[in-house]
Amino acid sequence: MTSRSLVPLPDPQVRRWAMLCHYAAFFWFMAPLIGNVLGPLIVWQLQKDRDPFVDRHGKEALNFQITYSLLMMVCGALAWIFIGFPLMALVSLTALVLVVIAGIRANAGELWRYPFCIRLVK
């Protein structure tokens, strides 16, 4: 018996909101430049008092999207010397994979922490 089996699984609706905190970053497709931060921020602000599980995932998603935005700004600055374009592709692909993994883990009822993330929102 593992310690994970002793922790009760959050109810399905709470897990869906936690998953949506991560997947709201895809709002970027509708609002470029700020949508990836705005989507998780809105979901987190609306649902953070619902359950501590949603609150933790919302903060984590928001922190990662802020980190991602900062990295993309650095890549944009490096585009002047042409290394920024391949870095943008690499950072974007990595972010896409991590967001999908985070959403899957949230829906499974697991806590997830993004690697290489600046945690500004506590």
Just wondering, more than 12 heavy atoms not from Trp28 lying within 6.0 Å of its CH2?
no

Test salt bridge (charged side-chain N to carboxylate O under 4.0 Å, His left out) applied to Arg56 - qualifying residues, sequence neighbours left out
none

Could you give the side-chain donor-acceptor pairs of residues 81-104 under 3.5 Å, partners two or more places apart or in another chain?
{"residue": "Ser92", "atom": "OG", "partner": "Tyr68", "partner atom": "OH", "Å": "3.2"}
{"residue": "Ser92", "atom": "OG", "partner": "Met88", "partner atom": "O", "Å": "2.9"}
{"residue": "Thr94", "atom": "OG1", "partner": "Leu90", "partner atom": "O", "Å": "2.8"}

May I have the list of side-chain donor-acceptor pairs in residues 115-122 shorter than 3.5 Å, sequence neighbours left out?
{"residue": "Arg119", "atom": "NE", "partner": "Glu60", "partner atom": "OE1", "Å": "3.3"}
{"residue": "Arg119", "atom": "NE", "partner": "Glu60", "partner atom": "OE2", "Å": "3.4"}
{"residue": "Arg119", "atom": "NH1", "partner": "Cys117", "partner atom": "O", "Å": "3.1"}
{"residue": "Arg119", "atom": "NH2", "partner": "Glu60", "partner atom": "OE2", "Å": "2.7"}
{"residue": "Arg119", "atom": "NH2", "partner": "Tyr114", "partner atom": "O", "Å": "2.8"}
{"residue": "Lys122", "atom": "NZ", "partner": "Arg119", "partner atom": "O", "Å": "3.2"}

side-chain contact (heavy atoms from CB on, under 4.5 Å) against Gln45, all qualifying residues, sequence neighbours excluded:
Leu41, Lys48

Are Val54 and Val43 connected into the same hydrophobic cluster when the rule is that any two of I, L, V, M, F, W, Y join if their side-chain heavy atoms are below 4.5 Å apart?
yes

Report all side-chain donor-acceptor pairs from residues 69-80 shorter than 3.5 Å, counting only partners two or more places apart or in another chain.
{"residue": "Ser69", "atom": "OG", "partner": "Asn36", "partner atom": "ND2", "Å": "3.1"}
{"residue": "Ser69", "atom": "OG", "partner": "Gln65", "partner atom": "O", "Å": "2.9"}

Just to verify, what does Arg50 make a side chain to side chain donor-acceptor pair (under 3.5 Å) with, not counting sequence neighbours?
Gln13

If you round to the nearest 0.5 Å, how far is CG of Leu46 from CD1 of Ile42?
7.5 Å

Any idea which heavy atoms bring Ala61 and Pro40 closest together, and the distance?
CB-CB, 4.2 Å

If two hydrophobic side chains count as joined below 4.5 Å and joins carry through other members, does Phe26 share a cluster with Trp17?
no

Just to verify, what does Phe53 make a side-chain contact (heavy atoms from CB on, under 4.5 Å) with, not counting sequence neighbours?
Pro10, Val14, Arg15, Ala18, Asp51, His57, Leu111

Considering all heavy atoms, the nearest Gly109-Leu9 contact
CA-CD1, 3.8 Å

Common cluster, Trp112/Leu20, ILVMFWY with side-chain heavy-atom separation under 4.5 Å
no

Output all residues satisfying side chain to side chain donor-acceptor pair (under 3.5 Å) with Asp11, sequence neighbours left out; order by chain, then residue number.
none

